[in-house]
Amino acid sequence: MRPLVPLLILAVLFAIAPLFVGSYWVSQLSYYLIYGLLALSLSLVWGYGGILCFGQAIFFGIGGYVMAAMTKGMISPFLINSYLSLFCSVFAASLFAVILGYFLFAGKGINGPYLAIVTLAIAIVLERLMSNWYAMGGYNGLLDIPPLNLGLFWFDYELWDSLPIFYTLLITVFVIFAGITLLLKSSYGTLLTALKTHPERLAFFGFSVLQIRLSVFALSAAIAGLSGALFVTVDGFASPTLIGFTLSTEILIWVAIGGKEMLMAAFLGAILTRFAENWLSEIFGDYWILLLGILFMISVVLLPKGLIATPLAALERKLGVRL
Amino acid sequence: MAFLDIQSLDKRFGGVKAADSVTLSLKQGSLTALVGPNGCGKSTLFNLITGALKPDNGHIRFDDEEITALPSHEIARRGIGRKFQVPAVFPDLTVFENLTVPTLQKGRFFSRPGNSEKRMDILKTIRLREKQNELASTLSHGEKQWLEMGMILAQSPSLILLDEPTAGMTAAETAETAHLIRTINKGEGVTLLVIEHDIGFIEQLACPVNVMARGKILKSGTFQSIRNDLEVQELYFGRPEGPHA
């Protein structure tokens, strides 16, 4: 349980935050939690699995669109159920990852910048596809997506208010965060660390590199798909930007700034970058992107482990705990 | 019946024949050396045996089973371990974790590592007990070579292919490595095929030697017969010139 202590502290800090901020910020924190979850998915596949996926928004978008289509009754009026829709969103995202991953990793496979370029290209293609798929809202997207309904059977409990939404997301995100943390402490985590640095060596010990790569790619896609599904229920809107180039790049920047090889740093990287965006875009308008770019360059050149991961790693050494 | 039986193995890279009708048999429990100048096809042969490359022609049988078309991880599961020329350890894992990886159950994501006593014995054998909790990235070149040997021992293969196991080692470390290899071979009955450039090391192994040149097995014999062979001398030192040539 020791690895979960820093996580519990962070969860408690989030849990008491509504006592000190107004409903606007509670609603913003809900979005931050979703972005944090999305960053965790990229940290898992990139920082731990060594797979630089430049199109993480693909899975976020698939999750979002499947959730939107199902809860709006576009697939079937009998399938309007939040739990079933969440399951299908996660399943669709991970299934797409398995199929895509097979083509990317089978045989000699592709790695590094080639993999990044291919995944980015797929994100752009899917963004164009969704922009022109009029049955799915086309360029304007899908509006009026119902909120999460936590009811069971004949009892309905729709999450309309910011506070219940926030606490539902808080529990969901931190349970998944804890699950990934424990997963990485297991033998699976050891295999991922080995895979990242020397896949050939792992193969010559009898491990199927394809199997391990596909598993981490699909798991990461499932988490990204879940975050996309949760996002559309909070936002009420699914558009092609959810699946495309811009969001894919942003996720990468959050995780690189935070620190890809530390879940906590990637999670905080996403939240703090989004917070900075809120704050700085009010002061500098569109120029805040320049500041973000400068921050990204500082992170890559001076602190390649990440702006947040570097001090957190120092704290780890001082306290003797893993964050 | 040979334990490892290689028949008429061919591999071309464009116009270069890296393996040209290579035929080689190893008996179970044997220790064999493979020598030859750079680019003669030794490492290509290892790549073909371990499934890293697919041959154009020929067959490889291991323990009475055809393994020619199998992928690397399937060949490794059948009991073939391989050490790379440049030590291939996992730098972000500790020394002990590096020894743990080969003992994890193959084909499953979650498994308990194998016997920890065996790993402690291996740590003692490779003289890295004091450094078991240090990251592999912090080890010296020679220590990494030994760690990789330890990882292969932890894998418990029945055939080990060693690609230049003493590269970058001091004379003392080389002698210790020769002793370790003989111990693995005689003590545990593991079959070994060793690629090496260092002729002094081959002499210390005191085992049959195969000489490769231009993708072919040129000569086979004892260390003495190979050392005295004029064709092998010519291969290493060039054709003598002058009136006595």
Decide whether B/Thr166 and B/Asp198 meet the rule of one side-chain donor and one side-chain acceptor closer than 3.5 Å.
-> no

Any side-chain donor near an acceptor of the partner, B/Ser156 and B/Lys118, under 3.5 Å | yes

Enter the distance from A/Met264:CE to A/Ser43:OG here, rounded to the nearest 0.5 Å.
->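 These two atoms lie 11.5 Å from each other.
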
Is the charged tip of B/Lys106 near the ring of A/Phe207: under 6.0 Å from the six-membered ring centre and within 45° of its axis?
-> yes

For atom NE2 of B/His179, decide whether the heavy atoms of other residues, nucleotides or ligands shown that lie under 6.0 angstrom number more than 12.
->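 No, because the 6.0 Å sphere around NE2 of B/His179 holds 12 heavy atoms or fewer from other groups.
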
Residue [X] versus chain B: region with a heavy atom under 4.5 Å:
X: A/Ser208; result: both
X: A/Leu192; result: neither
X: A/Leu195; result: neither

Is the shortest heavy-atom distance from the side chain of A/Ser187 to the side chain of B/Gln105 under 4.5 Å?
->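 When only atoms from C-beta onward are counted, B/Gln105 and A/Ser187 do not touch, as no gap falls below 4.5 Å.
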
Tell me, for B/Ile80 versus chain A, whether the close heavy atoms (under 4.5 Å) come from the side chain, the backbone, both or neither.
->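 Just its backbone gets close to chain A.
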
Under 6.0 Å between the ring centres of A/Tyr35 and A/Phe60?
->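 No - the distance between ring centres of A/Tyr35 and A/Phe60 does not fall below the 6.0 Å cut-off.
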
So which of B/Ile75, B/Thr100, B/Ile152 has the biggest tally of heavy-atom pairs under 4.5 Å with chain A?
->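 Top count of heavy-atom pairs under 4.5 Å with chain A: B/Ile152.
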
Among residues 48-74 of chain B, which residues come closer than 4.5 Å to chain A, judged by heavy atom distances?
-> B/Thr50, B/Ala52, B/Ser72, B/His73

Restricting to pairs with a member in residues 99-123 of chain A, which pass ring pair (Phe, Tyr, Trp, His ring centres under 6.0 Å), not counting sequence neighbours?
->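 Pairs touching residues 99-123 of chain A that pass the test: A/Phe105-A/Phe217.
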
